[in-house]
Number of protein chains: 2
Amino acid sequence: MTDIKSGTNPLFLRTDEIMQAIELLFFAYRDFTGEPDELLAEYNFGRAHHRVIHFVGRHPGITVSELLLILRITKQSLSRVLGQLVREGFIRQTPGPVDRRQRLLKLTAKGQELDDKLFEVQRQRIVRAYKESGAEAVAGFRSVLLNMMEENDRQRFSR
Amino acid sequence: MTDIKSGTNPLFLRTDEIMQAIELLFFAYRDFTGEPDELLAEYNFGRAHHRVIHFVGRHPGITVSELLLILRITKQSLSRVLGQLVREGFIRQTPGPVDRRQRLLKLTAKGQELDDKLFEVQRQRIVRAYKESGAEAVAGFRSVLLNMMEENDRQRFSR
DNA sequence: ATTTTATGTCAGTCATGTTGACTTATCTAT
DNA sequence: ATAGATAAGTCAACATGACTGACATAAAAT
């Protein structure tokens, strides 16, 4: 049961390797979100706004409940940031053509502009890391992260 | 300048690949922190407590200012969670033997026990992801995350 | 003796999450 | 046609974890 104690444990599964993985994720995620956070602060927005802009940008016409499923937060939490984004003209809501209870979400030109800016700072960091690591490493990076997330979300990445 | 428009752009640097990287990090990090968060909630602790327990566990005798440098938060923020952990007997503070202004931090047996529990849930997720991806993928994963973080923190991982 | 450093504390604010209760409009099924 | 379910929104209260700014104490360094 405890791989830790069995001598046959492959190197990459040893305790200190796992410990390093935990810290790698902590430091990389902290820096990955740091630059966008600075940019968002200029708009008096936070990371929650970023996530909404990102997923609406990626899925134009997404409904509120679909967005809630992705973000895994309550509608009250979403309501606050989404309300701000709509009031300030970053996101537009249109009634669903089939089901008129739905509010389909889309970025406005202003919202798209912010989305582009946010993407650009993250793109630069990722491109640098990808270039320095090479195509093969990138495939490994993708595989490990995919296997680390809950199974039902992995489908988003199948092609 | 814009690699996006040049046709010579390698596959793994294309816009949609970078976009996927952003989402991979979001979903993987969300699930990576989800289980520890549930465990911590039983103690009325949050993610901030986890980080303190983790880094004190990894660096017994660390000083408050060293911890602040790693976490990149203010001492007032640290003070609240550290104070709780000390009052509730998870961390012990001892005056520095050389510089008596310092408070060297160590986990108590109780703190070590929680650290072990937290490590175990994260270990299981990482081991699963590592096993399913293989040793080569793990090397790529490490490389990309290392190159994604700020340079001065990379030294922690050099061996 | 003075200044700097390590740590801690008080007070107030902000962003982002939570629970619970309730409303309105609209769709679905009997 | 009506009853119930669903999509979305709102009000209120609360917790966590970040922030700024001001100030206090003890010990080290100059």
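Heavy-atom basis, side chains included; hydrogens, waters and symmetry copies ignored. Chain identifiers are assigned alphabetically (A, B, ...) following the order of the sequence lines, protein sequences preceding nucleic acid strands; residue numbering begins at 1 within each chain.
For the pair B/R103 and C/dA6, the criterion of a side-chain N or O lying under 4.0 Å from OP1 or OP2 is not met. Residue B/S77 places at least one side-chain N or O closer than 4.0 Å to OP1 or OP2 of D/dC19. For D/dA8, one of the phosphate oxygens OP1 or OP2 lies less than 4.0 angstrom from a side-chain nitrogen or oxygen of A/S65. Look at A/Q93 and you won't find any side-chain N or O under 4.0 angstrom from OP1 or OP2 of D/dA8. For D/dA18, the OP1/OP2 oxygens have no side-chain nitrogen or oxygen of B/T74 closer than 4.0 Å.
Checked by atom type and distance alone, the side chain of B/R103 never pairs as donor or acceptor with a backbone atom of B/V64 at under 3.5 Å. Panel note: side chain A/H49, backbone A/G46; a donor-acceptor pair is recorded below 3.5 Å.
A/E38 has its CD atom 15 Å from the C1' atom of D/dA18, to the nearest Å. Atom pair B/D37:CG and C/dT16:P shows a separation of 17 Å (rounding to whole Å applied). Distance B/Q102 CD to D/dA28 P: 10 Å, rounded to the nearest Å. Between A/D99 atom CG and D/dA7 atom C1' the separation is 7 Å, expressed in whole Å. Note: CZ (A/R80) to P (C/dA15) measures 9 Å, nearest angstrom. Atom-to-atom, CG of A/L78 to C1' of D/dT10 comes out at 13 Å; the value is rounded to the nearest Å. Spacing between atom CG of B/L68 and atom P of C/dG8 amounts to 9 Å, rounded to whole angstrom units. Rounded to whole Å, atom P of D/dA15 lies 17 Å from atom CD of A/Q76.
With hydrogens and angles ignored, a donor-acceptor pair closer than 3.5 Å exists between the side chain of B/R101 and the base of C/dT5. In terms of polar N and O atoms assigned as donor or acceptor, the side chain of A/R100 never comes within less than 3.5 Å of the base of C/dT26 in a complementary pairing.
Ring orientation note: the planes of A/F12 and B/Y130 are tilted relative to one another, at an angle of 30° to 60°.
If you check every strand for non-hydrogen atoms under 4.0 Å, A/E66 touches nothing. As judged by a 4.0 angstrom heavy-atom cut-off over every strand, B/V86 is placed among residues making no nucleic acid contact.
Of the charged side-chain nitrogens involved, none lies within less than 4.0 Å of a carboxylate oxygen, so that B/R123 and B/D116 do not count as a salt-bridged pair. Under 4.0 Å is where a charged nitrogen must lie from a carboxylate oxygen, and between B/E17 and A/R142 at least one such pair does.
Under the 4.5 Å side-chain contact rule for hydrophobic residues, B/V81 and B/Y43 share a cluster. Hydrophobic clustering (side-chain heavy atoms under 4.5 Å, transitive across Ile, Leu, Val, Met, Phe, Trp, Tyr) groups A/V144 together with A/F157. Each of A/L104 and A/I91 belongs to its own hydrophobic cluster when Ile, Leu, Val, Met, Phe, Trp and Tyr are linked at side-chain heavy-atom distances under 4.5 angstrom.
Counting heavy atoms from C-beta on, the side chains of A/R72 and B/D31 come closer than 4.5 Å.
For B/I73, counting side-chain heavy atoms from C-beta on, the closest listed nucleotide (D/dA8, D/dC19, C/dT9) is D/dC19.
Residues from residues 40-64 of chain B lying near DNA chain C, meaning a heavy-atom separation below 4.0 Å, are B/T63, B/V64 in numerical order.
For B/F32 and A/Y29, the gap between ring centers reaches or exceeds 6.0 Å.
Rotation axes derived from the C1' atoms of the five outermost pairs at either end of the helix from C/dA1-D/dT30 to C/dT30-D/dA1 lie 20° apart, to the nearest 10°.
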